Amino acid sequence: MRTSHFLLSASLLLIANANALAADPPAISWTKQVLDTKFRSEGVAVADVNKDGKKDVLNGEYWYEAPDWKPHELQPPMDHKDGLQNYSRSFACWSDDFNKDGYPDLIVIDFPGVPCYWMENPKGGSGHWTKHTIWHSACNETPIYADLLGTGKRVLIMGFQPKGAKSDGNEGQMAYFTPNEKDPNELWDMHPISEPTEPGKNGIPGTMRFSHGLGVGDLNNDKKQDVICTGGWWEQPAQADGKTAWAFHPANLGDACADMFAFDVDNDGKTDVISTSAHKFGVWWYKQRPINKEANELHPVFEKIELFGRLASEMHAAHFVDIDGDGNKDLVTGKRWWSHGRSEPGSSWDAKVVWLRAEKESDGFVNFVPKLIDSDSGIGTQFEVTDVNGDGLLDIVSSNKKGVRVLFQNPANGPLFLRALD
């Protein structure tokens, strides 16, 4: 395997607080580790592949073995060039043990609309990983792997097109998927969230091949996770049987966005929706207001409130997590570098990664204060925020057209020593 595209020496960059967009209370700094300089994927996962107690990085083509980040092929790699004119075959990745052999496997969402699959870990051994098809079609550019049902087990949530549908057609259905109960190597079990598209009717929101915007959260305060898209939300029933479609509440939740998060921003007891622009500029929240029965409203209405207009462009993925450990969830996002080449607004802007620190006022209203993490990394269509090195702090892992990177959050007493590549 050629190694000229891999970084063979440490690429460690301490990003000082002087580069931050706002002062950090308490001060937070980051150290960047470049694992690969080649465009491999726009999705990434983190798991202990070989069960040596260290978390590795996977992106559908390679896994990078900690702590030296040695690359291992998952499948024969393809040359995606610089990504200016083309895409990868990996838009999202998540790791879990699907065949219950004790080793983490990998979900890979390929190009939107085509089959998605999971790759079987050869129990920490060498060689390419066996592919198993999950479903014949994976639609919406923000699939989600999350504990939707509150069982402690994650499921794959996405739209799909029926077999035989035109790739650019409006037929689609929202569903969640679980491994086949009898044989995980077979197609997964499909559990409808929406009804299928009716002939001659408009398509189901969020289910088209290139739909943008998907989220999971409790919008009606019943302690159950609902599924959110830009056209509204599906209410999880009191008893989800995995066979019956959920009730849909239409709502205008904005333009093409990325991950969507349910959160009561203004502390009025009603859950709002936070999202970021996938291909243009903007970070917004949608305030949920009471139903006006006098106006014959049947479903909640949401009002758009802009947080940031031109913080960064092409923010095609996001996480809502507590970065600084103060008990408040913060928004982590960044620029998807060259999402459509140079055709999108702000395509030439820096490939920023930012976090929006949640600062709660005395009345409970939450303000978001943007802070720069890095200006030359960016994100893909999906990335990870997790503790990679076991120091108890959240780190950021991305794979995109600039390569593969880990942004390590430094402990309060300074950067954690990272082993260099030989």
Side-chain angles (χ1 to χ4, degrees), residues 1-15 29-80 82-83 88 90 92-95 103-106 108 119 121-129 334 337 351 353 373-374 376-380 382-411 414-422:
M1 179 179 60
R2 292 177 61 88
T3 59
S4 60
H5 294 305
F6 295 94
L7 220 60
L8 299 182
S9 62
S11 177
L12 303 180
L13 175 63
L14 178 62
I15 304 162
S29 64
W30 304 79
T31 296
K32 179 165 65 177
Q33 177 91 58
V34 179
L35 279 54
D36 196 336
T37 58
K38 184 74 174 176
F39 174 31
R40 304 292 182 187
S41 163
E42 293 201 76
V44 71
V46 174
D48 183 1
V49 171
N50 52 358
K51 300 183 71 174
D52 65 351
K54 301 178 181 66
K55 290 184 179 180
D56 312 298
V57 173
L58 310 85
N59 64 11
E61 294 213 336
Y62 287 88
W63 71 275
Y64 303 86
E65 183 179 356
D68 295 323
W69 309 113
K70 178 182 177 181
H72 303 268
E73 289 185 6
L74 291 169
Q75 59 180 314
M78 295 180 64
D79 183 6
H80 304 298
D82 61 5
S88 73
S90 176
C93 298
W94 299 280
S95 184
Y103 284 82
D105 308 303
L106 184 70
V108 177
M119 306 184 79
N121 186 335
K123 296 185 177 180
S126 60
H128 293 150
W129 293 23
W337 179 253
V353 179
I373 295 172
D374 189 33
D376 189 28
S377 291
I379 59 171
Q382 173 265 336
F383 67 105
E384 285 289 341
V385 180
T386 187
D387 180 6
V388 176
N389 54 10
D391 65 355
L393 302 175
L394 291 178
D395 310 304
I396 299 168
V397 188
S398 65
S399 181
N400 61 14
K401 294 177 181 180
K402 280 185 169 286
V404 186
R405 291 166 168 79
V406 182
L407 297 167
F408 288 97
Q409 184 179 166
N410 295 323
L416 182 71
F417 176 73
L418 302 176
R419 289 181 61 178
L421 294 176
D422 296 328

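Because the structure is a prediction, the values reported are computed rather than measured. Residue numbers run from 1 in the order of the sequence given.
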_Main-chain N/O of G378 paired to D374 side chain as donor or acceptor, under 3.5 Å_ = no
*Specify the closest pair of heavy atoms between W337 and A351, including all atoms of both residues, with the distance to one decimal.*
CE3-CB, 3.8 Å
*What do the steps show when you test D387 against D395 for side-chain contact (heavy atoms from CB on, under 4.5 Å), and what is the final call?*
CA-CA 5 Å; D387 180 6; D395 310 304; 3.7 Å; yes
_Taking side chain to side chain donor-acceptor pair (under 3.5 Å) as the definition, give me every residue that meets it alongside S41, ordered by chain and number, with sequence neighbours left out._
S90
*asked:* Let me confirm one number: the CD-CE distance from E61 to M78, rounded to the nearest 0.5 Å.
replied: 7.5 Å
*Beyond-backbone contact of S398 with V353, side-chain heavy atoms, under 4.5 angstrom*: no
_Euclidean distance, K70 NZ relative to L35 CG, rounded to 0.5 Å_ = 14.5 Å
*asked:* side-chain contact (heavy atoms from CB on, under 4.5 Å) for L106 and N121? Distances and angles first, verdict last.
replied: CA-CA 8 Å; L106 184 70; N121 186 335; over 6 Å; no
*Please name the pair of heavy atoms, one in R40 and one in P77, separated by the smallest distance, quoted to 0.1 Å.*
NH1-CB, 4.3 Å
*asked:* My understanding is that only one of V397, D56, L394 makes a side chain to side chain contact (heavy atoms under 4.5 Å, CB included) with V388; could you say which?
replied: V397
*Any donor and acceptor pair, going by atom type alone, linking the side chain of K401 with main-chain N or O of G83 inside 3.5 Å?*
yes
*Look up atom NZ in K402 and atom CD1 in I379, then write down how far apart they are to the nearest 0.5 Å.*
13.5 Å
_Heavy-atom donor-acceptor pair, K32 side chain to D376 backbone, under 3.5 Å_ = yes
*Specify whether H72 and W63 have parallel, tilted or perpendicular ring planes, treating 30° as the upper limit for parallel and 60° as the lower limit for perpendicular.*
parallel
*For R405 and I396, what are the C-alpha separation, side-chain angles and deciding distance, and is it a side-chain contact (heavy atoms from CB on, under 4.5 Å)?*
CA-CA 8 Å; R405 291 166 168 79; I396 299 168; over 6 Å; no
*Which heavy atom in L74 sits nearest to a heavy atom in N59, and how many Å separate them?*
CD1-N, 4.5 Å
_Point-to-point distance, once rounded to the nearest 0.5 Å, from CH2 of W30 to CD1 of I373_ = 4.0 Å
*How about V57 and W69: do any of their side-chain heavy atoms sit closer than 4.5 Å?*
yes
*asked:* Rounded at 0.5 Å granularity, tell me how far CG in N50 sits from OG in S126.
replied: 12.0 Å
*asked:* So which atom in L393 and which in Q409 form the shortest heavy-atom distance, rounded to 0.1 Å?
replied: CD1-O, 3.6 Å
_Least distance between heavy atoms, W129 atom then M119 atom_ = CE3-O, 3.6 Å
*Does a donor on one side chain sit under 3.5 Å from an acceptor on the other, for Y64 and D36?*
yes
*asked:* Tell me the closest heavy-atom pair linking G43 and S399, and the distance in Å.
replied: O-CB, 3.7 Å
*Kindly indicate, with the supporting measurements, whether the criterion side-chain contact (heavy atoms from CB on, under 4.5 Å) is fulfilled by C93 and L58.*
CA-CA 8 Å; C93 298; L58 310 85; over 6 Å; no
*asked:* Working to the nearest 0.5 angstrom, can you tell me the gap between Q382 CD and N400 CG?
replied: 11.5 Å
